[in-house]
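Protein chains get the first letters and strands the later ones, always in sequence-line order, with residue 1 at the start of each. The analysis underlying the following values was restricted to heavy atoms, covering all of them including side chains, and did not include hydrogens, waters or symmetry mates.
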Amino acid sequence: MIVSAPHRSDAPPRDPRLAAVERACRLIEHADEAPSLAALAAAAGLSTWHFHRVFKGATGVTPKEYAAAHRARRARAALENGRSVTDAIYEAGFASSGRFYEASDRMLGMTPTQYRAGGAATEIRFALGPCSLGLALVGQTTRGVCTILLGDSAAALRAELARRFPRARLVAGDRAFEAVVARVVACVETPTLGLDLPLDVRGTAFQHRVWRALRDIPAGTTATYGEIARRIGAPRAVRAVAGACAANPVAVAIPCHRVVREDGGLGGYRWGLPRKRALLSRESHK
DNA sequence: GGTTCTCTGCCGC
DNA sequence: GCGGCAGAGAACC
């Protein structure tokens, strides 16, 4: 899901600008090569600059990001259908194989050949560590920390890990890995420390924007969902922001607990409101 | 490494 | 609400 874009089957949106954005999305999806900003704007009957703003306001991502995400989706689909890597490059509309390989790391998290083989090559080391909020499960790929889950039951956390990474090979962490867990636990106990470990988080372009904005919220302060939406330049995407917060794969490292409701309420928290409350109170007293 | 394209902040209508 | 510019940065060749 890249945008909360309206679907074709619905009644046509009353807002003609939304309709124009929708048409632009379809244009991007059906073109062999991503249409230029100027072409999209012309089709929408707006200036390039204004079209760009309207598009981003409605979808939360820029036309280019939308096109890139769509291209990535096409490449994934082609590879999943067992096409050769060369075919996938062609079908997804990449200009050259060099670009494709360059992009594939971000897009697939692995080389295209590995992805085609079912992603079995991804290995995630993980371990559980006790902390004052219960248990923390930390998972790490060769690139960085890919998941931090909080909970009370080791079995439930392991199940959650397997559910999130159904194709990965899950390997119990060794002694060396304990250090990583310790760092994460320290970050839970003293959230103001932050986590200086590399992260390996996958998400849509929109989710990455939100997550980046969350990491910019200073410890000890909070922001509202609406503020985050404005900071990423998508003031109307408040609900989508909340969705991206909920999809945060690395608790505490990306401080989604610092996002609260406009009315002063805490809002929700994937790992339970008591944990959100505890984290916030810890930060405010430092 | 130069050029083109994208993106955003700002202003004017 | 919309157009337009400037300037920075990214993408491209």
Side-chain angles (χ1 to χ4, degrees), chain A residues 1-6 12-76 78 85-86 88-112 143 198-218 223-238 240-241 244:
Chain A
M1 210 271 301
I2 303 301
V3 294
S4 51
R14 290 140 293 286
D15 187 343
R17 297 184 318 143
L18 274 186
V21 168
E22 240 193 293
R23 277 199 306 278
C25 291
R26 302 291 96 76
L27 275 177
I28 291 168
E29 286 157 19
H30 294 127
D32 287 333
E33 276 176 41
S36 71
L37 181 61
L40 292 170
L46 296 170
S47 73
T48 53
W49 304 284
H50 195 64
F51 168 75
H52 191 272
R53 283 185 285 260
V54 168
F55 190 93
K56 191 175 167 189
T59 65
V61 294
T62 67
K64 191 171 188 162
E65 283 174 325
Y66 186 90
H70 182 254
R71 199 161 63 163
R73 213 159 41 219
R74 278 214 283 214
R76 271 197 294 272
V85 174
T86 319
I89 293 169
Y90 175 75
E91 283 184 33
F94 277 88
S96 71
S97 57
R99 299 225 154 273
F100 178 75
Y101 279 98
E102 192 183 281
S104 69
D105 194 64
R106 227 175 338 150
M107 197 164 83
L108 308 171
M110 62 193 88
T111 69
R143 287 185 178 73
L199 298 180
D200 177 18
V201 288
R202 312 275 161 74
T204 63
F206 180 80
Q207 286 172 333
H208 277 286
R209 287 183 97 93
V210 173
W211 295 340
R212 222 175 299 138
L214 296 184
R215 298 190 78 181
D216 287 337
I217 306 174
T224 66
Y225 293 101
E227 276 165 12
I228 297 298
R230 283 193 292 280
R231 281 177 205 174
I232 62 167
R236 285 192 282 183
V238 179
V241 165

K.L.:
Here's a test of your reading of the structure: between Val54(A) and Trp49(A), which maps to the more 5' nucleotide of DNA chain C?
P.N.:
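Closer to the 5' end of DNA chain C: Val54(A).
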
K.L.:
Can you tell me if the side-chain N/O atoms of His52(A) get under 4.0 Å from OP1 or OP2 in dT8(B)?
P.N.:
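The answer is yes; a side-chain N or O of His52(A) sits under 4.0 Å from OP1 or OP2.
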
K.L.:
Over how many whole Å does the gap from Arg71(A) atom CZ to dA11(C) atom P extend?
P.N.:
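So the CZ-P distance, Arg71(A) to dA11(C), works out to 11 Å.
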
K.L.:
Judged by atom type as modelled, is there a donor-acceptor pair below 3.5 Å linking the side chain of His52(A) to the main-chain atoms of Thr48(A)?
P.N.:
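No: the side chain of His52(A) does not pair with the backbone of Thr48(A).
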
K.L.:
Rounding to an integer number of Å, can you tell me how far Glu65(A) CD sits from dA10(C) P?
P.N.:
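These atoms are roughly 13 Å apart.
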
K.L.:
Taking only N and O in the side chain of Lys56(A), is any of them less than 4.0 Å away from OP1 or OP2 of dT6(B)?
P.N.:
no

K.L.:
Do side-chain atoms of Glu91(A) reach the backbone of Ala88(A) as a donor and acceptor pair under 3.5 angstrom?
P.N.:
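Checking the backbone N and O of Ala88(A) against the side chain of Glu91(A), no donor-acceptor pair under 3.5 Å is found.
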
K.L.:
Nearest whole angstrom, please: distance from the P of dG9(B) to the CZ of Arg231(A).
P.N.:
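One finds 14 Å between P of dG9(B) and CZ of Arg231(A), rounded.
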
K.L.:
Check whether any side-chain N or O of Trp211(A) sits under 3.5 Å from a backbone N or O of Phe206(A) as a donor-acceptor pair, and report yes or no.
P.N.:
no

K.L.:
Return the nearest nucleotide to the side chain of Arg209(A); candidates are dG3(C), dT8(B), dA11(C).
P.N.:
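That would be dT8(B).
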
K.L.:
Where each residue is assigned the nucleotide of DNA chain B containing its nearest heavy atom, which of Arg53(A) and Lys64(A) is assigned the position nearer the 5′ end?
P.N.:
Lys64(A)

K.L.:
Nearest whole Å is fine: how far is dT6(B) P from Phe55(A) CZ?
P.N.:
13 Å

K.L.:
May I ask you to decide if Ala19(A)'s main-chain N or O and Glu22(A)'s side chain share a donor-acceptor pair within less than 3.5 Å?
P.N.:
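Between the backbone of Ala19(A) and the side chain of Glu22(A) there is no qualifying donor-acceptor contact (under 3.5 Å).
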
K.L.:
Between atom CZ in Phe51(A) and atom C1' in dT6(B), what is the gap in whole Å?
P.N.:
13 Å

K.L.:
Would you indicate, yes or no, if dT6(B) has its OP1 or OP2 atom less than 4.0 angstrom from a side-chain nitrogen or oxygen of Thr62(A)?
P.N.:
no

K.L.:
Rounded to whole Å, how long is the line connecting atom CD of Glu33(A) with atom P of dA11(C)?
P.N.:
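For the pair Glu33(A) CD and dA11(C) P, the rounded distance is 17 Å.
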
K.L.:
Using atom CZ of Phe100(A) as one end and atom P of dA11(C) as the other, report the distance to the nearest whole Å.
P.N.:
17 Å

K.L.:
Under 4.0 Å, heavy atoms only, any strand: does Ser36(A) hit a base, just the sugar-phosphate, or nothing?
P.N.:
sugar-phosphate

K.L.:
Under the side chain to side chain contact (heavy atoms under 4.5 Å, CB included) criterion, do Leu40(A) and Phe55(A) qualify, and how do the steps go?
P.N.:
CA-CA 10 Å; Leu40(A) 292 170; Phe55(A) 190 93; 6.0 Å; no

K.L.:
Without decimals, in angstroms, what is the distance between Leu37(A) CG and dC12(C) P?
P.N.:
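Rounded to whole Å, this separation is 14 Å.
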
